[in-house]
Amino acid sequence: MCTIYDAVFQPIEVNKTSIRDSTPAIRENGEPLIKIGEEHSRIFIKPIYYHQKIPNSLQAIYLRQSVYERLTQALLLLSKNYSLILYDGYRPFQVQQFLFTSFSKQIAQRFPHFTEQEIIKETLKYVAFPSIDHAHFAPHLTGGAIDVTLGDLDGNALNIGTAFDEISEKSATRYFEQHPEEDWEACVHRRLLYNCMTMVGFTNYSEEWWHYDFNNVSWARRVGAQEASYGAVEAIIQDNKVKEFRFL
Ligand SMILES: C[C@@H](N)C(=O)N[C@H](C)C(=O)O
Ligand SMILES: [Zn+2]
């Protein structure tokens with residue numbers, strides 16, 4: 001019989017939920033964005049874009065309330081030796097723009113033979129287009145997307161096969177399912193992260209082992225829901241903190 005503790009070691013499934021072209025409706029539920037502290041002994045905060053000094057980035061992690069609650073549930077599925085390290089949650093529009101430009105520059109440099117169109121296509125694999133149009137807005141603008149990795153009890157990131165935000169085919173969540181001999185440890189760590197997150201309701205973006213969604217349009221598309229409960233949030237940022245926010 002397979003217990004919950006065995007279930008988190010299961011291989012990462014092939015994503016069977018084909019993303020539909022339909023645009024789920026947004027019925028904003030008004031759940032607040034909350035600032036996540038380090039009060040939970042197994043949740044560590046490393047706001048990576050703030051550390052990278054990206055203008056208007058946040059020096060704390062902000063998430064919708066239920067997203068945080070689900071992270072605490074995910075931890076219950078992992079043995080007590082593991083923690084979750086949060087790299088990014090709610091992301092201001094300006095940061096999304098900055099990331100899009102910065103990734104497309106890196107891609108243009110790395111693939112000098114790419115056409116403009118190919119650069120955009122490759123960039124979109126790693127960063128959502130900075131848009132607040134309902135049909136296409138970037139998932140981190142909702143407070144329902146999270147970039148997260150697996151850590152030890154001191155908050156040190158464990159080997160998961162690539163660096164965070166690495167532009168590489170190895171960043172695809174299932175990469176080591178297809179190449180387990182390359183790095184078995186990374187394969188197991190990805191399984192633990194993927195299974196504990198999806199078992200509590202998150203969905204994963206298949207090109208990035210670190211990116212998970214809940215209740216936003218990306219999530220609704222993956223689970224085939226007709227509605228998403230989190231729309232975009234606009235925040236006023238002061239001194240790298242959210243001063244005020246409103247639902248768009
Ligand atoms: C930039 C990366 N950390 C990320 O979050 N990518 C997804 C696709 C996004 O921008 O929403
Ligand atoms: Zn992300």
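Since the model is a prediction, treat every value here as computed from it, not as a measurement. Each ligand, and each atom within it, is numbered from 1 in the order the structure gives.
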Quick one: which ligand 1 atoms are inside 4.0 Å of a heavy atom on [X]?
X: H140; answer: 5 (O), 9 (C), 11 (O)
X: W210; answer: 2 (C), 3 (N)
X: F164; answer: 3 (N)
X: P139; answer: 11 (O)

If the plane angle is over 60° it's perpendicular, under 30° parallel, otherwise tilted; pick one for [X] and [Y].
X: F111; Y: H113; result: perpendicular
X: Y212; Y: Y194; result: tilted
X: F247; Y: F245; result: perpendicular

Note: [X]-[Y] ion pair, threshold 4.0 Å (strictly below):
X: E166; Y: R110; value: no
X: D147; Y: R91; value: yes
X: K125; Y: E122; value: yes

Taking the Zn ion (ligand 2) as the reference point, name the nearest N/O/S atom of [X].
X: H211; answer: ND1
X: H140; answer: NE2
X: D147; answer: OD1

Could you pull out, from K125, E208, Q96, E207, the option with a heavy atom nearest to atom 4 (C) of ligand 1?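 Comparing heavy atoms across K125, E208, Q96, E207, the nearest one to atom 4 (C) of ligand 1 lies in E208.
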
Partner of Y49 by side chain to side chain donor-acceptor pair (under 3.5 Å), out of D165, D88, N240: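 Result: among D165, D88, N240, D165 is the only option passing the side chain to side chain donor-acceptor pair (under 3.5 Å) with Y49.
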
With a cutoff of 4.0 Å, is Y87 in contact with ligand 1, counting heavy atoms of the residue only?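 Contact absent.
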
Min heavy-atom dist Y49 to ligand 1 below 4.0 Å: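 True for this residue.
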
Ligand 1-proximal atoms of [X], by part, heavy-atom distance under 4.0 Å:
X: D147; answer: side chain
X: Y212; answer: neither
X: Y126; answer: backbone
X: D88; answer: neither

Does any pair with a residue in residues 201-210 pass side-chain hydrogen bond (donor to acceptor under 3.5 Å, both in side chains), and if so which ones, sequence neighbours excluded?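 Listed once each, the pairs are T162-W209, T173-N204, T203-R222, E208-W210.
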
Among protein heavy atoms, which lies nearest [atom], and at what distance?
atom: atom 2 (C) of ligand 1; value: D165 OD1, 3.2 Å
atom: atom 9 (C) of ligand 1; value: A128 N, 3.5 Å
atom: atom 5 (O) of ligand 1; value: R91 NH2, 2.9 Å

Any Q96 side-chain heavy atom under 4.5 Å of Q94 side chain: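 Q96 vs Q94: side chains apart.
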
Does the side chain of F100 reach to within under 4.5 Å of the side chain of L124, using non-hydrogen atoms?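 A side-chain contact under 4.5 Å exists here.
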
Within the stated cut-off of 2.8 Å, is an N/O/S atom of D88 closer than that to the Zn ion (ligand 2)?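 Under 2.8 Å: D88 has no N, O or S contact with the Zn ion (ligand 2).
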
Consider side chain to side chain contact (heavy atoms under 4.5 Å, CB included). Of L76, L153, L84, which one does R42 pass it with?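 The passing option is L153.
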
